[in-house]
Number of protein chains: 2
Amino acid sequence: MATGRTHRPATRSRGIPEATVARLPLYLRALTALSERSVPTVSSEELATAAGVNSAKLRKDFSYLGSYGTRGVGYDVEYLVYQISRELGLTQDWPVVIVGIGNLGAALANYGGFASRGFRVAALIDADPAQTGKMVAGLPVRHTDELEDIVEHNQVSIGVIATPAGAAQEVCDRLVAAGVTSILNFAPTVLSVPDGVDVRKVDLSIELQILAFHEQRKAGEDLGEAVAAARDTLPKAVAEPVTEPARRPGPDGDVPAVMPA
Amino acid sequence: MATGRTHRPATRSRGIPEATVARLPLYLRALTALSERSVPTVSSEELATAAGVNSAKLRKDFSYLGSYGTRGVGYDVEYLVYQISRELGLTQDWPVVIVGIGNLGAALANYGGFASRGFRVAALIDADPAQTGKMVAGLPVRHTDELEDIVEHNQVSIGVIATPAGAAQEVCDRLVAAGVTSILNFAPTVLSVPDGVDVRKVDLSIELQILAFHEQRKAGEDLGEAVAAARDTLPKAVAEPVTEPARRPGPDGDVPAVMPA
DNA sequence: GAATGTGAAGGCTTTCACAGCT
DNA sequence: AGCTGTGAAAGCCTTCACATTC
């Protein structure tokens with residue numbers, strides 16, 4: 001998603017596929033749990049189950065990192081934890097700023113799994129002067145005016161945006177101008193950033209909508225595929241581009257209709 | 001991610017690719033914005049820009065829904081809003097429960113984009129008796145004991161889990177047993193669910209770790225590829241599986257080392 | 001002329017299945 | 001005997017580029 005990297009020849013034997021990178025944190029979490037229970041080694045099968053993937057995928061993923069397993073035995077837990085941590089860059093410390101300390105921003109600031117594993121909340125920033133100085137998660141909320149100073153002073157390269165949608169792009173621009181090159185965006189907006197800046201987004205309502213799509217399918221199946229099938233065969237040409245559209249789904253959901261399962 | 005559907009022959013001409021489904025909400029959001037500004041039609045180029053994708057992808061995506069555009073002209077905004085909403089199942093009302101009303105759960109309950117567009121928070125549930133009855137986002141927090149009643153009573157098919165990791169699987173099991181078939185999981189755990197139940201996860205620390213991975217790469221490039229190259233050519237056989245691993249990255253991030261860009 | 005809809009090509013990801021090591 | 005590491009096959013997804021339609 002929005003890798004934003006300048007077109008790299010993709011040469012490098014070092015190119016770990018994006019899909020693999022996205023799973024490394026999962027493996028790391030499962031391994032850390034094993035490590036805490038002092039389990040010394042683990043097979044691809046066991047680890048894959050713990051991480052919720054299949055073992056072939058896991059082995060392929062690990063093969064991009066190197067040959068860290070032992071045939072006939074499995075993987076050394078501690079060693080893998082170390083290797084994956086290093087690969088992900090978690091053996092160094094990443095200062096992070098959170099901008100927008102509303103409900104969500106505060107929740108993020110309080111989130112435990114944040115501070116551990118290489119990430120450190122360097123500052124909380126909010127545009128509301130009334131919030132300034134308030135303590136959240138043990139840190140004082142600072143005013144947006146200080147954003148550039150904070151980023152430069154703390155060598156922050158990762159910024160978290162938890163502002164309302166309307167403010168997100170401007171905050172993003174300022175973060176980037178100040179030196180941030182990775183952004184985690186919780187605001188429901190598409191951010192545009194220059195090349196070389198990575199953006200990842202987390203969007204509650206998108207996730208819900210995807211779930212709703214599949215729910216709808218399930219409901220359709222339950223009452224026989226007949227209905228869906230009928231819709232399918234509707235000669236598309238017959239659609240009249242101005243009949244239904246007049247009624248956009250009102251703010252309080254119209255057509256409660258069938259009700260799922 | 002974790003589609004969990006029973007192996008479907010994938011026959012149906014109606015099979016919209018998962019990647020397309022995941023983008024429909026994006027298009028819908030962009031279209032809604034246009035609709036509010038009373039823009040009547042939009043080209044694939046314009047809409048694609050607004051949604052942050054390229055126009056070929058957008059057209060291909062729309063082609064799975066049907067031929068809703070007009071050559072030489074573009075797409076009718078209202079009509080598309082309606083069609084995508086219908087496709088996503090947003091023309092009906094989806095009652096949702098949120099379990100775990102801590103910082104994050106409260107933030108989710110208060111999230112505006114939630115209530116609109118077909119989703120309605122039917123109840124907030126928490127295991128802490130001290131929380132019971134407290135009002136959050138205009139709704140009373142109810143105790144976990146009532147979970148099954150609430151789900152059945154409100155015909156809830158979508159559940160949001162915002163509990164600590166340790167409680168997530170049990171909550172999930174209870175939701176599913178009570179009839180929930182879609183779960184949005186904010187707890188940092190892999191949930192296991194029976195076939196036919198969809199799970200999507202939102203995980204802050206995974207996202208941060210992915211960003212850190214790319215940040216690290218950027219930093220490496222800045223100081224010349226030499227270092228990375230050297231690591232690459234390390235004869236893997238020489239790696240000694242018990243040298244470094246003894247020191248797992250301590251809870252407070254060791255090896256602060258180089259410091260990124 | 002302008003912009004959609006879509007086969008075909010190209011890339012990426014997953015899965016298979018087995019050779020190779022311990 | 002057991003389990004990793006990996007070519008090769010299969011399946012998705014994206015991008016191209018152009019015939020088609022308005």
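Residue numbering restarts at 1 for every chain, and letters A, B, ... go by the order of the sequence lines.
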Discussion item. From CD1 of A:Ile16 over to C1' of C:dT14, roughly how many Å is that when rounded to an integer?
Written reply: 18 Å
Worksheet entry | Nearest-Å distance for atom pair CG/P, residues A:Leu58 and D:dT6 | 14 Å
Item to complete: Rounded off to whole Å, could you give me the CG-to-C1' distance for the A:Asn54 and C:dA17 pair?
Response: 13 Å
Discussion item. As a test of reading the structure: which of D:dG5, D:dT14, C:dC16 is closest to the side chain of B:Tyr64, going by heavy atoms?
Written reply: D:dT14
Fill in: C:dT4 phosphate, OP1 or OP2, under 4.0 Å from B:Ser44 side-chain N/O
yes
Discussion item. Nearest whole Å is fine: how far is D:dG7 P from A:Lys57 NZ?
Written reply: 20 Å
Item to complete: Starting from the 5' end of DNA chain C, give me the residue, A:Ala56 or A:Pro17, whose nearest nucleotide shows up first.
Response: A:Pro17
Fill in: Between CD on residue A:Glu78 and CG on residue A:Leu34, distance to nearest 0.5 Å
10.0 Å
Practice prompt. Spell out, as yes or no, whether a donor-acceptor pair under 3.5 Å connects the side chain of B:Glu46 to the backbone of B:Ser43.
Written response: yes
Practice prompt. Calculate the interatomic distance between A:Asp61 atom CG and D:dG5 atom C1'; express it in whole Å.
Written response: 13 Å
Worksheet entry | Point-to-point distance, once rounded to the nearest 0.5 Å, from OG1 of B:Thr70 to CG of B:Asp76 | 7.5 Å
Worksheet item: Quick check, are the ring centers of B:Tyr68 and B:Tyr79 under 6.0 angstrom apart?
Response: yes
Response to the item:
Heavy-atom nearest nucleotide on DNA chain C taken for A:Thr20 and for B:Glu45; more 5' hit belongs to B:Glu45
Item to complete: Identify which one of A:Leu58, A:Val53, A:Leu26 satisfies the side chain to side chain contact (heavy atoms under 4.5 Å, CB included) criterion when paired with A:Leu47.
Response: A:Leu58
Discussion item. Taking atom types as they are modelled, would you say the side chain of A:Arg59 forms a donor-acceptor pair with the base of D:dT4 within the 3.5 Å cutoff?
Written reply: no
Worksheet item: Looking at B:Tyr75, does any N or O in its side chain come under 4.0 Å of the phosphate oxygens OP1/OP2 on C:dA2?
Response: no
Discussion item. OP1 or OP2 of C:dT15 versus the side-chain N and O atoms of A:Lys60: is any pair under 4.0 Å?
Written reply: no
Worksheet entry | Selection from C:dT13, C:dT15, D:dC16 that lies nearest to any side-chain heavy atom of A:Glu18 | C:dT13
Response to the item:
Whole-Å distance, A:Glu46 CD to D:dT4 C1', equals 14 Å
Worksheet item: D:dG2, D:dT20, C:dC16: which one has an atom nearest the side-chain heavy atoms of A:Arg71?
Response: D:dG2
Worksheet item: Rounded to the nearest Å, what distance is computed from the CG atom of residue A:Leu47 to the P atom of nucleotide D:dT4?
Response: 10 Å
Item to complete: Measure from CZ on B:Phe62 to P on C:dA3 and round the result to the nearest Å.
Response: 16 Å
